[in-house]
Protein chains: 2
Amino acid sequence: MSRSGADLALLLLGGFRSLVDTATAELARRGYQDVRPVHDFAMRAIAAGAGNASELGRRLSVSKQAAAKTIAVLQERGYVTRDTDPRHARRMRLQVTPLGFEVLRTGEAIFDELRDQWERQIGPAQLENLETHLTELVGDPPVRFDTPGWMSRDLGEPI
Amino acid sequence: MSRSGADLALLLLGGFRSLVDTATAELARRGYQDVRPVHDFAMRAIAAGAGNASELGRRLSVSKQAAAKTIAVLQERGYVTRDTDPRHARRMRLQVTPLGFEVLRTGEAIFDELRDQWERQIGPAQLENLETHLTELVGDPPVRFDTPGWMSRDLGEPI
DNA sequence: CTTGCTTAGACAACCTGGATGTCATTGACA
DNA sequence: TGTCAATGACATCCAGGTTGTCTAAGCAAG
């Protein structure tokens, strides 16, 4: 039976949400409360070299102000630090703390476990196939995550 | 090469967004400006029998107030009508207008075209396979669409 | 050295799309 | 008839973005 195009979209959304929701819940269960996907993305971007708010905003495709808010949250929870570069007074240096890296590693581990679970469910070859074809269809995973309300608001440029 | 679990999640998101973004843009191009996925979902739910705001809210997993707001927008744009049931003074009867159905049909057509495009890209058997396995993994497409900000906020019950 | 451009980051105001809480009305049912 | 459940309206709050304005730092060119 061939599904409609809309169903296909929902199926993809369902898969994504299933993974992310489970991962978030599991992360909370393991002691990292209140870590949202967006925090993971932000920390990953910081670890990858986004050293300041503007740069982080650029990488996440949000305004620098929005990025600054996220940074404030991460800092408050001890996941990143913000110290000023002694040589460039106005420039801050963002760094992921050991605790932050702990969260990142745990998150990755959980996602990998979920992937293993899927692999057991449909078989390694099938999952591999699924990934290959999806990659073919949509290209490499987008770096940007999302902006809230995009289901209802204006969409901006496609990923 | 086997991707990480997190990449798998992003791949699914990418596929979904790719379809939905393109569909929304195309819908706008064909003259239906400002139709967002959430409107499509809402109209679909109304057409399927959600006759009032509370019921619509239940079906979309949002509060009745949020549903009422969506209804107001749809009504303003002429996609649904709200007339009071003469027999039950306080109960409204929501109905999708011909224009609303036009949008729904056009949206479906666009999604189906996109699906055809994918089919040509990776082959019918592969797409069928992809759908079958995804269905196996996440079950039937969820009726609920989403709530905005779920990437960053509390998630509620999983789909 | 000074002038001028670019950029970081802070602050404030605003918008959207939800959630909550309260309330009057209303229909159903014991 | 009295009580209960539920609808829908209204007001308020909240989160997470946006834009706009401002100051200060860095850099390059005259």
Side-chain angles (χ1 to χ4, degrees), chain A residues 24 34-42 45-46 49-77 80-94 144-157, chain B residues 24 34-42 45-46 49-77 80-94 144-157:
Chain A
T24 306
D34 281 326
V35 177
R36 306 273 169 259
V38 65
H39 301 138
D40 185 276
F41 279 96
I46 292 167
N52 58 55
S54 297
E55 176 58 24
L56 181 61
R58 248 174 268 124
R59 298 208 189 192
L60 298 183
S61 298
V62 298
S63 63
K64 57 183 180 175
Q65 289 85 344
K69 286 190 193 179
T70 304
I71 291 169
V73 172
L74 290 174
Q75 194 182 5
E76 186 193 300
R77 299 195 186 155
V80 307
T81 54
R82 248 180 50 160
D83 53 285
T84 24
D85 189 329
R87 304 175 35 100
H88 304 268
R90 193 153 188 84
R91 187 155 299 174
M92 59 176 56
R93 267 185 325 198
L94 293 173
R144 73 183 280 185
F145 62 108
D146 208 9
T147 60
W150 60 280
M151 287 285 288
S152 12
R153 283 214 320 276
D154 217 347
L155 290 173
E157 309 158 31
Chain B
T24 306
D34 281 327
V35 176
R36 305 274 168 260
V38 65
H39 301 139
D40 186 275
F41 279 96
I46 291 167
N52 59 55
S54 298
E55 177 58 24
L56 180 62
R58 247 173 270 124
R59 298 208 190 190
L60 298 183
S61 299
V62 298
S63 64
K64 57 182 179 175
Q65 289 84 345
K69 285 189 194 181
T70 303
I71 291 170
V73 173
L74 290 174
Q75 195 182 2
E76 186 192 299
R77 302 196 184 153
V80 307
T81 54
R82 249 180 49 160
D83 53 286
T84 24
D85 189 328
R87 305 175 37 99
H88 304 270
R90 195 157 188 78
R91 185 155 301 173
M92 58 175 59
R93 265 184 327 195
L94 294 173
R144 73 183 279 186
F145 62 108
D146 208 8
T147 60
W150 59 277
M151 287 285 290
S152 12
R153 286 215 317 279
D154 219 346
L155 290 173
E157 308 158 30

task: State whether B:R93 places a side-chain N or O below 4.0 Å from either non-bridging phosphate oxygen (OP1 or OP2) of D:dT7.
output: no

- prompt: What residues, two or more places apart in sequence or in another chain, satisfy side-chain contact (heavy atoms from CB on, under 4.5 Å) together with B:R82?
  reply: B:I71, B:Q75, B:M92, B:L94

- prompt: Contact class for A:A68 vs. all strands (heavy atom < 4.0 Å): base, sugar-phosphate, or nothing?
  reply: nothing

query: Nearest to the side chain of A:A66, which nucleotide is it out of D:dG8, D:dT18, C:dG18?
result: D:dT18

Closest non-hydrogen atom pair, A:T24 against A:V35: CG2-O, 3.5 Å

message: If I take atom NZ in residue A:K69 and atom C1' in nucleotide C:dG9, what distance separates them, rounded to the nearest angstrom?
response: 14 Å

- prompt: A:N52 CG to C:dT6 C1': how many Å, rounded?
  reply: 14 Å

message: Just the rounded figure in Å: distance from C1' of D:dG17 to CZ of A:R36.
response: 17 Å

message: Taking the nucleotide of DNA chain D with the nearest heavy atom to each, does B:Q65 or B:E55 sit closer to the 5' end?
response: B:E55

query: In chain order, what residues pass the side-chain contact (heavy atoms from CB on, under 4.5 Å) check against A:A66, with sequence neighbours excluded?
result: A:V62, A:S63

field: OP1 or OP2 of C:dT7 under 4.0 Å from side-chain N/O of A:R58
entry: no

statement: Side-chain contact check for A:A53: nearest option of D:dT7, C:dA19, C:dG9 is C:dG9

Spacing of B:L56 atom CG relative to C:dG17 atom C1', expressed in whole Å: 14 Å

message: Looking at D:dT7, I'd like to know if its phosphate oxygens (OP1 or OP2) sit under 4.0 Å from a side-chain N or O belonging to B:S54.
response: yes

task: To the nearest Å, give me how far apart CD (B:E76) and P (C:dT16) are.
output: 12 Å

message: Output the rounded distance in Å from CZ (B:R82) to C1' (D:dA9).
response: 10 Å

message: Counting C-beta onward and ignoring hydrogens, is there a side-chain heavy-atom pair between B:V73 and B:R77 closer than 4.5 Å?
response: yes

- prompt: Whole Å only: how far is the NZ atom of A:K64 from the C1' atom of D:dG17?
  reply: 15 Å

- request: For residues B:E55 and B:A50, report the shortest heavy-atom separation together with the two atoms involved.
  value: CG-CA, 3.7 Å

